[in-house]
K.L.:
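The structure follows.
Bear in mind the structure is a predicted one, so any value in this text is a computation, not a measurement.
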Amino acid sequence: MADPAVVSGGALNAGGRGSGGKAATSPAENYHLARRRTLQVVVSALLTECGFESAEKAAVETLTEMMQSYITEIGRCAKAYCEHTARSIPTLSDAVVTLIEMGFKADTLPLYAKRSQRMVITAPPVTNPPVTPKALSAGQKRTHPAHIPSHFPEFPDPHTYIKTPTFREPVSDYQVVREKAASQRRDVERALTRFMAKTGETESLFKDDITAFPLIAAQPSTIPYLSALLPSELELQTLEETDSSEQDDQTDSENAGGNMISDDPGADKENSMLPPSAVVPSAKASEDNVIDNPYLRPVKKPKVRRKK
């Protein structure tokens, strides 16, 4: 007979009864498969005690099936005797009566338990329960009420029927935000530098290896003092905003002056002298000068108002 661990390892690949080589997924299937593996280890130990050095997988499976059937029959009969006496939990007397009914001598059990060549089977390793991720922790797991037996499947995780948070709260800490902004800026600058180094002209610190530590080549200007004489983009933007604001103020003043109604007695006379269309000649002349072709009209800059 081979080592029990070897035999049990071969039986693990074989799977439990009716498993068909498929991995168990439900807790009930895992429970039955664990009991089946324990019986296979017990059968292997008994065969080793009897002097066997090796055994075929089919023989071990047959003996395991016989032992499982025998133990199942003992439990069924003990339960029947227990219920016959109006009890719900079997006792030792029920098991003894069952063994006697099946033709087994109960007096030989103490001697068999104290045999010298007995092999001690180590307990199976206890696996730690899987840790629930923090993102799926919601509420507390419920236990079975009093009217539900303990061998029934447990309730599912609370996040399956309560809530499952799928977002994180934005970080509002000043230090964290500044560090994140600095790291992003550094990454952008580094990526832009690498892009310019790959696409443009570069200079190397080492003549042997040109690709090591490339530096962006400086592009000398023919007129180096030109950048100091020309206004910067910020100054141009400030000038444009100033001009646009002055134009807006002038337009507003003209509109306000045209809409004022004078109380002079000669105003009625001046109004009577206006043409029937009631349009000021200057305004009419300005309308005549408007170009109908949109492609020939002068460019109108957008109005940018400065914040006061």
K.L.:
State which residues pass side-chain contact (heavy atoms from CB on, under 4.5 Å) with T202; sequence neighbours excluded, sorted by chain then number.
P.N.:
A197, P214
K.L.:
To the nearest 0.5 Å, tell me how far D187 CG sits from L192 CG.
P.N.:
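Atom-to-atom, D187:CG and L192:CG are 12.5 Å apart.
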K.L.:
Above 12 or not: heavy atoms from other molecules or residues under 6.0 Å from CZ of R115?
P.N.:
yes
K.L.:
Kindly write out the residues that satisfy side-chain contact (heavy atoms from CB on, under 4.5 Å) with T143, not counting sequence neighbours, or none if the list is empty.
P.N.:
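For T143 there are no side-chain contact (heavy atoms from CB on, under 4.5 Å) partners, ignoring immediate neighbours.
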K.L.:
Using side chain to side chain donor-acceptor pair (under 3.5 Å) as the criterion, list what pairs up with E73, not counting sequence neighbours.
P.N.:
R76
K.L.:
Tell me which donor-acceptor pairs under 3.5 Å the side chains of residues 101-110 have, and how far apart each pair is, sequence neighbours excluded?
P.N.:
from : atom 1 : to   : atom 2 : distance (Å)
T108 : OG1    : K105 : O      : 2.8

K.L.:
Between CD1 of I74 and CG of L99, what distance do you get to the nearest 0.5 Å?
P.N.:
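Reported value, rounded in 0.5 Å steps: 5.0 Å.
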K.L.:
For the pair Q40 (side chain) and V60 (backbone), establish whether a donor and an acceptor sit closer than 3.5 Å, ignoring hydrogens and angles.
P.N.:
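Not confirmed, Q40 side chain does not pair with V60 backbone.
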K.L.:
Between atom OG1 of T98 and atom NZ of K79, what is the distance when rounded to the nearest 0.5 Å?
P.N.:
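That separation rounds to 13.0 Å.
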K.L.:
Would you please name every residue forming a side chain to side chain donor-acceptor pair (under 3.5 Å) with Q117, sequence neighbours left out?
P.N.:
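Once residues adjacent in sequence are excluded, Q117 has no partner under the side chain to side chain donor-acceptor pair (under 3.5 Å) criterion.
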K.L.:
Sequence neighbours left out, what passes side chain to side chain donor-acceptor pair (under 3.5 Å) with E189? Give chain and number order.
P.N.:
R185
K.L.:
Scan the side chains in residues 80-96 for donor-acceptor partners under 3.5 Å anywhere in the protein, sequence neighbours excluded, and list what turns up.
P.N.:
from : atom 1 : to  : atom 2 : distance (Å)
T85  : OG1    : Y81 : O      : 3.3
T85  : OG1    : C82 : O      : 2.9
T85  : OG1    : R87 : NE     : 3.1
T85  : OG1    : R87 : NH2    : 3.0
R87  : NH1    : I89 : O      : 3.4
R87  : NH1    : D94 : OD2    : 3.0
R87  : NH2    : D94 : OD1    : 3.0
R87  : NH2    : D94 : OD2    : 3.1
T91  : OG1    : S93 : OG     : 3.0
T91  : OG1    : D94 : OD2    : 3.4
D94  : OD2    : T91 : N      : 3.1

K.L.:
Tell me, please, which residues at least two apart from R186 pass salt bridge (charged side-chain N to carboxylate O under 4.0 Å, His left out).
P.N.:
none
K.L.:
Which is it for L39 and I71 under the side chain to side chain contact (heavy atoms under 4.5 Å, CB included) test, yes or no, and what are the steps along the way?
P.N.:
CA-CA 10 Å; L39 288 177; I71 295 174; 4.1 Å; yes
K.L.:
Examine F195 and L215 and state if one hydrophobic cluster contains both, with Ile, Leu, Val, Met, Phe, Trp and Tyr joined whenever side-chain heavy atoms are less than 4.5 Å apart.
P.N.:
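Each belongs to a different hydrophobic cluster.
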K.L.:
Using the salt bridge (charged side-chain N to carboxylate O under 4.0 Å, His left out) rule, collect all pairs that involve residues 217-231, keeping only residues at least two apart or in two chains.
P.N.:
none
K.L.:
Assess whether atom CZ of R194 is packed by more than 12 heavy atoms of other residues, nucleotides or ligands within 6.0 Å.
P.N.:
no
K.L.:
Answer yes or no: are there more than 12 heavy-atom neighbours, outside E201 itself, under 6.0 Å from its atom CD?
P.N.:
no
K.L.:
Could you walk me through whether E61 and R36 pass the side chain to side chain contact (heavy atoms under 4.5 Å, CB included) test, one step at a time?
P.N.:
CA-CA 10 Å; E61 287 290 337; R36 182 78 174 188; 3.1 Å; yes
K.L.:
What residues, two or more places apart in sequence or in another chain, satisfy ring pair (Phe, Tyr, Trp, His ring centres under 6.0 Å) together with F155?
P.N.:
H144
K.L.:
Minimum heavy-atom separation for L47 to A55, with atom names?
P.N.:
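Taking every non-hydrogen atom into account, CD1-CB, 4.2 Å.
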K.L.:
Can you name the salt bridge (charged side-chain N to carboxylate O under 4.0 Å, His left out) partners of E154, sequence neighbours left out?
P.N.:
K141
K.L.:
With sequence neighbours left out, what residues match E203 under side chain to side chain donor-acceptor pair (under 3.5 Å)?
P.N.:
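E203 satisfies side chain to side chain donor-acceptor pair (under 3.5 Å) with no other residue.
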K.L.:
Honestly curious: do L46 and I121 fall in one hydrophobic cluster under the side-chain, below-4.5 Å linking rule?
P.N.:
yes
K.L.:
Measure across K180 and S183 and return the closest heavy-atom pair with its distance rounded to 0.1 Å.
P.N.:
O-OG, 2.7 Å
K.L.:
Within this structure, what is the SG-CD1 distance for the pair C77 and I100, rounded to the nearest 0.5 Å?
P.N.:
13.0 Å
K.L.:
Do the side chains of V188 and V177 join up, straight or via other hydrophobic residues, at under 4.5 Å, putting them in one cluster?
P.N.:
no
